[in-house]
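First the structure, in the form of structure tokens, and then the observations on it.
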Amino acid sequence: MDGDYECLVLHKHPQLIDQCCDLINSEWPRSHMARRNLECSCDNLPTCLVLVQRNNVVPRVVGHGKISRIPSIEHGAFIESVVIDKNMRGKGLGRILMRHTENYMKSIGLKEAYLSTYDQQGFYSRLGYEFCERVSIYGSAITFPPLVINQQVAKEDNHKTFMGIQISPINTNAPPPPPLPPSLHISKVPNFSSNNVPHTNIANGQPKKDFMKKTLT
Ligand code: ACO
């Protein structure tokens with residue numbers, strides 16, 4: 001099973017960006033930002049990893065995960081946008097993708113993996129993740145211009161570049177963004193049921209994100 005799949009660093013295989021974009025959009029439809037995020041992948045984080053099926057002339061992308069820096073935690077990084085092809089779930093591929101992702105993180109000197117999830121606490125618990133305090137991928141160590149933009153504005157041609165990345169002007173008609181979460185804000189750790197999964201993940205009628213952590217050994 002394991003031998004049928006390999007994990008590739010996306011920016012070293014840019015021909016896979018289209019497939020990867022389709023995979024992400026099949027789960028979270030927002031094509032514009034997905035492509036933009038994928039094209040930001042680099043050796044120095046953020047780094048996108050793709051799980052591909054080997055036995056095809058053109059590798060078939062079946063999974064994706066992104067590793068991002070956490071400015072306030074030197075030896076930790078944040079795993080996000082983990083997704084396995086809808087037709088391939090429940091076959092152990094998520095576990096394989098996460099193992100490759102964690103190994104990659106260790107290979108670049110990282111010691112802790114963090115993530116957040118609304119509804120996959122069970123999956124991550126199976127892989128050894130435990131609930132933790134909230135962490136923020138925003139911080140003062142490095143400040144990028146905002147890339148979250150109005151899609152209509154993004155279609156305009158007056159794009160600029162920053163560090164080689166195409167960016168678009170901020171839509172000044174858009175409502176102001178919510179305040180950034182405070183770094184390392186101590187949130188309420190959820191109640192655990194006997195199988196280490198919270199009973200419910202709703203707070204004030206809204207879906208609530210849990211933060212989870214694993215020490216990479
Ligand atoms: N609840 C409890 N256990 C689970 C769940 C779940 N929702 N999903 C999988 N598992 C268990 C499996 O039973 C298996 O257990 P075992 O090996 O001990 O028997 C183990 O976790 C591994 O399961 P896989 O088959 O490897 O998982 P899969 O390939 O289905 O991938 C994934 C899981 C990535 C969550 C997939 O369902 C998916 O793409 N979901 C939609 C996108 C998504 O929600 N991604 C997570 C967003 S959060 C983030 O990115 C940090």
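In each ligand, atom 1 is the first atom listed, and ligand 1 is the first ligand listed. All values reported here derive from a predicted model rather than from experimental measurement.
Protein heavy atom nearest atom 7 (N) of ligand 1, with residue, atom name and distance: Gln120 OE1, 2.9 Å. When hydrogens are left out, the protein atom nearest atom 9 (C) of ligand 1 is Phe123 CD1, 3.6 Å; that is the closest non-hydrogen contact. Looking at atom 39 (O) of ligand 1, its nearest protein heavy atom turns out to be Ile84 N, 2.8 Å. Arg95 NH2, 2.9 Å is the protein heavy atom nearest to atom 17 (O) of ligand 1.
Between Ser81 and ligand 1, an N or O atom pair is found at a separation short of 3.5 Å. An N or O contact shorter than 3.5 Å is missing between Thr117 and ligand 1 by distance. Where the criterion is an N or O separation shorter than 3.5 Å, residue side chain and backbone included, Gly94 meets it with respect to ligand 1. For ligand 1, one of its N or O atoms has an N or O atom of Gly92 under 3.5 Å away. Taking distance alone, with nitrogen or oxygen atoms compared against 3.5 Å, Gly90 approaches ligand 1 more closely than that limit. For Arg89, a nitrogen or oxygen atom sits less than 3.5 Å from a nitrogen or oxygen atom of ligand 1, counting backbone and side chain alike. Annotation: Val82 places an N or O atom under 3.5 Å from an N or O atom of ligand 1; distance criterion only.
Each of Leu8, Ile79, Val9 was scored for a side-chain contact (heavy atoms from CB on, under 4.5 Å) with Leu49, with one residue passing: Val9.
Counting heavy atoms from C-beta outward, Leu23 and His64 have side chains that approach closer than 4.5 Å. Side chains of Ile73 and Glu112 form a contact here, defined as non-hydrogen atoms less than 4.5 Å apart. Counting only heavy atoms from C-beta outward, the side chains of Cys7 and Val50 never approach each other to under 4.5 Å. Using a 4.5 Å cut-off on side-chain heavy atoms (C-beta onward), Gln120 and Arg126 make no contact. With contacts defined as side-chain heavy-atom distances shorter than 4.5 Å, the pair Ile70/Ser136 does not qualify.
In this structure, the separation between OG1 on Thr47 and CZ on Arg69 is 8.5 Å, given to the nearest 0.5 Å. From Lys111, atom NZ reaches atom NZ of Lys106 across 11.5 Å, with rounding to the nearest 0.5 Å. Note: Asp210 CG to Leu115 CG = 10.0 Å, rounded to the nearest 0.5 Å.
There is no protein heavy atom less than 4.0 angstrom from atom 12 (C) of ligand 1. For atom 28 (P) of ligand 1, the nearest protein heavy atom lies closer than 4.0 Å.
Looking at Lys91 against ligand 1, only its backbone comes within 4.0 Å, counting heavy atoms. With a heavy-atom cut-off of 4.0 Å, Leu97 does not touch ligand 1 at all. Using a 4.0 Å cut-off between heavy atoms, Arg126 contacts ligand 1 through its side chain alone, with no backbone atom that close.
Taking a 4.0 Å cut-off on heavy atoms, Ser116 registers as neighbouring ligand 1. At least one heavy atom of Tyr124 lies less than 4.0 angstrom from ligand 1.
Distances below 4.0 Å separate heavy atoms of Gly122 from the following atoms of ligand 1: 1 (N), 2 (C), 3 (N). Below 4.0 Å from some heavy atom of Glu80 lie the following atoms of ligand 1, by number and element: 50 (O). Of all the atoms in ligand 1, the ones that sit under 4.0 Å from a non-hydrogen atom of Glu27 are 41 (C), 42 (C). Within ligand 1, counting atoms from 1 as listed, the ones closer than 4.0 Å to a heavy atom of Ile79 are 51 (C). Taking every non-hydrogen atom of Leu115 and a distance limit under 4.0 Å, the qualifying atoms of ligand 1 come out as 51 (C). Below 4.0 Å from some heavy atom of Val83 lie the following atoms of ligand 1, by number and element: 39 (O).
Ion pairing of Glu130 with Lys214 is absent here, as no side-chain N (NZ or NE/NH1/NH2) approaches a carboxylate O to less than 4.0 Å. With respect to Glu39 and Arg35, a salt bridge is recorded, a charged nitrogen being found less than 4.0 Å from a carboxylate O.
In this view, Glu27 and Arg89 satisfy the salt bridge (charged side-chain N to carboxylate O under 4.0 Å, His left out) rule, not counting sequence neighbours.
Side-chain N or O atoms of Arg99 include none that pairs as donor or acceptor with a backbone N or O of Gly94 at under 3.5 Å.
Within the structure, the ring-ring contact (aromatic ring centres under 6.0 Å, His included) test picks out the following pairs touching residues 75-124 (sequence neighbours left out): Tyr124-Tyr129.
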